[in-house]
Structure formats: structure tokens, C-alpha cells
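I'd like to ask you about the structure that follows.
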Amino acid sequence: MKKRFQWLGLIVITLIGVLAFRSPAIAQTPRHFTDLTFPPLPEVTVPQYERYQLDNGMVVYLMEDRSLPLVSGTAMIRTGGRLESGEKVGLADITGTVLRSGGTEKHPSNVLNQLLEQRAALVETSIDLNAGTASFSALSEDLETVFNLFAEVLRSPAFENQRVELAKVQEKGAIARRNDDPDDIASREFRKLVYGDNSPYARTVEYSTLANIDRQDLIDFYRTYVRPDQIILGIVGDFDSQSMKALINKTFGDWKNPATATKIVTPSATQKNLQGVFVVNQPQLTQSSVLLGHLGGRLDSPDYPALTVLNEILSGFGGRLFNEVRSRQGLAYSVYGIWNSRYDYPGLFIAGGQTRTDATVPFIKAILGEIERLRNQPVSAKELEDAKNAILNSFVFKFEKPAQNLSRLMTYEYYGYPQDFIFRYQQAVKGVTIADIQRVAQQYLQPNQIVTLVVGNEQEIQPPLSSLGTTVKTVDVTITQL
């Protein structure tokens with residue numbers, strides 16, 4: 001036994017010696033990032049789903065996902081703030097809020113809140129500019145209970161009067177605070193300058209329009225637009241499709257449409273001011289928020305893929321605005337340019353950012369200079385390749401979760417787009433050429449239509465805004481009291 005331990009000790013000492021005197025491993029010489037190679041990205045695909053329609057016209061999408069014991073769903077409602085009258089701006093937003101907060105005919109708001117909180121579940125509603133939504137989220141084991149409450153909110157809201165008044169008070173608070181942030185001022189007033197003050201795409205809630213809204217207005221708005229033939233319902237998560245269909249039929253199958261059909265006409269959009277320099281004078285500011293641009297386009301334009309590549313060249317990380325205006329000239333805290341298309345009305349082309357007060361005019365000229373350079377000089381092959389790769393490589397992030405895919409499918413149906421729109425767009429981006437970029441730059445970027453808005457200390461802007469070669473008009477953002 002003693003010999004065995006001696007041999008073991010000798011072996012251990014020998015191993016330690018070998019390890020101690022062994023030559024260190026030589027690390028692989030790091031390669032420059034341009035020498036690295038990567039396999040091609042896998043093809044992105046849409047998870048399996050089912051689409052069908054109830055007899056009352058409600059469209060349903062189902063997408064099973066058993067990864068977690070959760071179920072969520074969203075109902076898209078064909079409505080929106082752009083459909084409300086100019087005398088009652090804010091009606092759609094308040095209706096969307098109180099649809100949920102105001103309780104149901106069976107469950108007052110406090111009881112409804114308690115039932116959901118006990119199950120760590122959510123039921124939420126809202127109406128934005130272009131659509132209304134009602135959504136729920138629940139554990140799989142609570143699906144039937146929560147889904148029934150969700151259906152109540154959609155089918156039989158109570159619109160409790162105190163909740164209506166609370167929502168109006170909250171809107172009044174938002175009006176009172178709306179001039180606190182210069183970037184918010186710039187965004188709001190720029191839309192008005194391009195679309196026009198009275199456009200459904202730019203008008204704002206005022207104390208006077210809130211005063212015109214009462215509980216009956218919410219009920220009338222709800223009855224006009226929240227009906228099964230104007231709803232697309234999508235559900236994703238841990239459920240059995242056949243059982244889910246039975247639950248949907250039980251809760252929504254007997255929901256009748258009103259006798260009068262709802263005619264929804266999408267408001268048009270045109271540009272009000274075709275040129276001009278405008279200022280919101282804010283003497284307390286030490287920097288300027290600048291926006292310039294004009295009316296944009298729609299997502300279904302055949303030139304949209306080329307415009308998104310142009311957008312990446314102009315404004316992507318390492319794009320021309322970042323490199324030239326921010327990095328080389330040092331004129332901006334932030335700078336960007338966005339060709340912002342919409343599904344069913346023209347969006348906006350917006351460029352701008354934030355700069356110090358004394359750099360305001362050079363900042364504007366630098367952005368305009370980059371727009372002109374895009375119009376008049378072909379982009380380089382490397383710029384084109386980098387921009388296309390940035391767009392195409394980001395596609396994988398659009399398919400990370402089943403809920404993303406379901407939301408996209410519902411949105412395409414809502415606006416009448418083909419279900420494979422994103423894949424058509426992907427292929428079109430691959431085919432964009434240098435000639436395409438210059439063509440769309442010359443066709444769509446229009447210097448003679450650019451509206452420029454500055455929110456800042458006008459007296460301290462040197463050289464003055466008038467040096468841009470046009471009369472400077474003041475925009476009054478005073479909040480009108482009742």
C-alpha cells in the first residue's frame with residue numbers, strides 16, 4: 001500500500017512538472033473584420049396559421065405556439081381618429097380608452113379590474129389615427145374566463161360616465177403639457193404645415209373640441225364602428241385550434257351587425273405649404289429642433305423598396321447625414337432623414353435633428369446639401385451594397401416571435417395588402433440598382449417643395465433664418481383656453 005501511494009505521488013509530481021514546463025498555446029492571430037466570412041442567413045418563414053371567417057363577417061386568424069403557457073389576442077377594428085368630425089377631435093381616442101376603462105354591462109369597471117388582476121391578465125383597448133384595437137393576454141388555464149371578459153368589453157361596454165369625465169380630464173392635462181418638449185412641438189406643427197391644420201392627419205385635440213364630447217357621442221361612435229364585420233381577430237399562443245374555434249363561436253358567433261352598413265372612406269392627404277421657413281420662437285431654449293421635408297408616399301408604391309434603400313444611404317448608422325453633418329462638420333447632436341410611407345395615405349419625408357442655436361442655419365444648409373448630392377450624383381457601389389445588406393439582414397428580426405407574424409398578417413388584410421407583401425418587398429430590395437437610387441432621389445426628393453420648421457430661440461440664431469433666402473413665418477403655439 002505504501003508503494004502504491006509513492007507511485008501515485010510520483011505520477012502527480014510528474015504531471016505537474018509537465019504542465020508547468022509545457023509551452024503555452026499560441027492564440028490564433030485575430031483577423032480584420034473585413035476578412036471574416038459568415039454563412040448565408042437562413043430563409044425566414046411564417047409559422048403555420050389558419051384564417052377563417054364567421055357568418056357575421058368577423059375574420060379570425062389562429063396561430064398556435066406551445067412554447068409558453070400563455071395566450072394573447074388582438075382585435076383590429078376598422079375605425080380611427082381620422083374618421084371623427086373636426087368639431088369633436090379627441091372623440092375616437094376617448095372612446096378607445098373608456099371602451100375598456102368604463103366597464104361592461106355585466107361587470108362594473110372596479111369588478112372587471114379585480115377579476116383581471118386576480119389572474120395576472122390584461123384586457124386593453126385603444127383607438128389611434130388609423131385603427132382601433134382591443135387585446136387580451138392570459139395564462140392558458142385562464143383563457144376561457146379572460147376571453148369572455150374580452151368579448152364583454154367588445155360587445156357590451158358600459159361607458160361609465162365618471163370614466164368618460166376622467167378620460168376628458170386626462171386629455172386636458174395632455175393639452176396643458178403639450179408645449180413642454182420642443183421635439184413634440186416640432187413634430188406636431190410640422191404635420192400641420194405639410195398636411196394642413198384641418199387635415200385629419202394633423203389636427204389636434206383642443207379644449208373646445210373636448211367640450212363638444214359627451215358620453216352619448218362615445219356610444220354613437222362605438223355603435224357605428226365596433227361591429228363584427230369590421231373586425232379582424234387574431235389569437236396566438238398555447239391553445240388547441242378546435243377548442244379555440246368553439247370558444248370564439250360561443251362568444252362572438254351570435255353577434256349581429258347593425259342593419260345600417262358602415263361606409264368608411266379613407267380621408268385623402270395633400271400638401272398645404274409647398275415651401276417656406278417657419279419658426280416657433282422659444283426664447284428659453286439653448287438649442288434648436290429642426291424638421292424639414294414634404295409629403296411622402298405609400299407603402300404600395302412600386303418605388304418603395306428603392307426609397308428605403310435610399311433612406312438607409314442617407315440616414316442609416318454610418319449614412320451620409322451621420323458621417324457628414326454630425327461627424328465631419330460637428331453640426332448636430334442627432335440627425336436623420338426618413339422616407340416615411342403609410343399604408344393607405346401619403347406619409348412624410350422628414351429630415352432634421354437637434355443642433356446648437358448658433359449652428360441652426362449651417363445645419364439646415366448641410367442637410368439640404370446632402371439631399372442635392374443624392375439627387376445629382378450616383379451613389380457608390382459600396383454604399384448601395386451596405387444599405388441593402390443592412391435592410392436584408394434585419395429581416396430576421398421581423399420574424400422572431402409568432403405574435404409579430406400574426407400582427408403583420410392582420411395588418412396586411414386590414415389595409416388590403418397581399419399576405420406575402422414583406423417577401424415581395426425583400427426581393428425588390430435585392431434588385432435595387434445605383435440607377436434606381438438616383439432615379440427615385442430625383443423623382444421623390446423635391447427641394448422646391450421642402451418646408452422647414454425650427455423650434456428654438458429665434459433672436460439667438462445667427463446667421464438668422466432669413467439668410468436661407470425666404471421670408472420667415474412665425475408659428476403660434478399658444479394654447480387657446482375656453
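Scope of the values below: all heavy atoms of this structure, side chains included, with no hydrogens, waters or symmetry mates.
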Worksheet item: At what distance, to the nearest 0.5 angstrom, does NE2 of H107 lie from CG of N110?
Response: 11.0 Å
Worksheet item: If you draw a 6.0 Å radius around CD in Q481, do more than 12 non-hydrogen atoms from other residues or ligands fall strictly inside?
Response: yes
Discussion item. Which residue is it: D217, D214, D93? I am looking for the one with a salt bridge (charged side-chain N to carboxylate O under 4.0 Å, His left out) to K88.
Written reply: D217
Practice prompt. Decide whether Q216 and D220 meet the rule of one side-chain donor and one side-chain acceptor closer than 3.5 Å.
Written response: yes
Practice prompt. Using distance alone, with no hydrogens and no angle criterion, decide if T209 and N212 have a side-chain donor and acceptor under 3.5 Å apart.
Written response: no
Worksheet item: Quick check: are there more than 12 heavy atoms from other residues, nucleotides or ligands sitting under 6.0 Å from CG of N198?
Response: no
Worksheet item: What's the spacing between I127 CD1 and T95 OG1 if we round to 0.5 Å?
Response: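 Those atoms lie 5.5 Å apart.
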Response to the item:
Here the gap from L299 atom CG to Y415 atom OH, rounded to the nearest 0.5 Å, amounts to 9.5 Å
Discussion item. Any heavy-atom pair between the side chains of F423 and V46 that's under 4.5 Å?
Written reply: yes
Item to complete: Verify whether one side chain among E64 and S241 offers a donor that lies under 3.5 Å from an acceptor in the other.
Response: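 Yes - a donor-acceptor pair under 3.5 Å links their side chains.
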Worksheet item: Around Q419, counting heavy atoms of other residues, nucleotides and ligands shown, do more than 12 lie under 6.0 Å from its CD?
Response: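 Buried by this count: over 12 neighbours within 6.0 Å.
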Worksheet item: Any side-chain heavy-atom pair from L465 and T452 closer than 4.5 angstrom?
Response: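 A side-chain contact under 4.5 Å is absent here.
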Worksheet item: With a 4.5 Å limit on heavy-atom distance, are the side chains of V440 and W339 in contact?
Response: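 V440 vs W339: side chains apart.
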Item to complete: Determine, stepwise, if the pair K192 / E189 fulfils salt bridge (Lys or Arg N to Asp or Glu O under 4.0 Å).
Response: CA-CA 5 Å; K192 290 183 179 181; E189 298 303 322; 3.8 Å; yes
Discussion item. Tell me whether the rings of F147 and F150 are parallel (<30°), tilted (30 to 60°) or perpendicular (>60°).
Written reply: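 Plane angle between 30° and 60°, so tilted.
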Discussion item. Could you check whether S289 and Q287, counting side-chain N and O atoms only, form a donor-acceptor pair closer than 3.5 Å?
Written reply: no
Discussion item. Could you check whether any side-chain heavy atom of L129 comes within less than 4.5 Å of a side-chain heavy atom of Y201, counting everything from C-beta outward?
Written reply: yes
Worksheet item: Between T133 and S126, do the side chains contain an N or O donor and an N or O acceptor separated by less than 3.5 Å?
Response: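 Side-chain D/A pair, T133 to S126: present.
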Fill in: Short side-chain to backbone donor-acceptor contact, R155 and T251, under 3.5 Å
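Pair found, side chain donor or acceptor close to backbone of T251.
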Worksheet item: L468 versus K365: any side-chain heavy-atom pair under 4.5 Å?
Response: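 When only atoms from C-beta onward are counted, K365 and L468 do touch, with a gap below 4.5 Å.
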Fill in: Exam field: side chain R298 to backbone D344, donor-acceptor pair closer than 3.5 Å
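Side chain of R298 to backbone of D344: a pair is present.
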Let me check something: any side-chain donor-acceptor pairs from residues 470-477 under 3.5 Å, sequence neighbours excluded? List them with distances.
from : atom 1 : to   : atom 2 : distance (Å)
D476 : OD1    : T478 : N      : 2.9
D476 : OD1    : T478 : OG1    : 2.6

Worksheet entry | A138 backbone acceptor or donor facing R119 side chain under 3.5 Å |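 Judged by distance alone, no pair lies under 3.5 Å.
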Practice prompt. Mind listing the closest non-hydrogen atom pair of A75 and L154 along with its distance?
Written response: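 Result for this residue pair: CB-CD1, 4.1 Å.
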Worksheet item: Quick one: does K388's side chain have a donor or acceptor within less than 3.5 Å of a partner on K430's backbone?
Response: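 Answer holds: yes.
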Discussion item. Looking at every non-hydrogen atom in both residues, tell me the closest pair between G90 and V205 and how far apart they are.
Written reply: CA-CG2, 3.7 Å
Worksheet item: F399 vs F395 aromatic rings, parallel, tilted or perpendicular, using cut-offs 30° and 60°?
Response: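 The arrangement is parallel - the two ring planes meet at less than 30°.
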Worksheet item: What do you reckon, is NZ of K245 surrounded by more than 12 foreign heavy atoms closer than 6.0 Å?
Response: yes
Item to complete: Evaluate the side-chain proximity of F239 to L62: yes if any heavy-atom separation is below 4.5 Å, no if none is.
Response: yes
Practice prompt. Could you walk me through whether I175 and T204 pass side chain to side chain contact (heavy atoms under 4.5 Å, CB included), step by step?
Written response: CA-CA 9 Å; I175 294 173; T204 53; over 6 Å; no
Discussion item. Quick check on the 6.0 Å ring-centre criterion: do F159 and Y222 meet it?
Written reply: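 Aromatic pair counts; centres sit under 6.0 Å.
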Worksheet item: Under 6.0 Å between ring centres, would you say that holds for Y414 and Y61?
Response: no
Item to complete: Look only at the side chain of N311 and the backbone of L307, and say whether a donor-acceptor pair between them is shorter than 3.5 Å.
Response: no
Worksheet entry | salt bridge (charged side-chain N to carboxylate O under 4.0 Å, His left out): pairs with one or both residues in residues 393-413, sequence neighbours excluded | R51-E413
Practice prompt. Evaluate side chain to side chain contact (heavy atoms under 4.5 Å, CB included) for Y336 paired with L321, printing each intermediate quantity in order.
Written response: CA-CA 7 Å; Y336 49 84; L321 290 179; 5.6 Å; no
Item to complete: Kindly determine whether N179 and V280 satisfy side chain to side chain contact (heavy atoms under 4.5 Å, CB included), including the steps that lead there.
Response: CA-CA 11 Å; N179 288 337; V280 178; over 6 Å; no
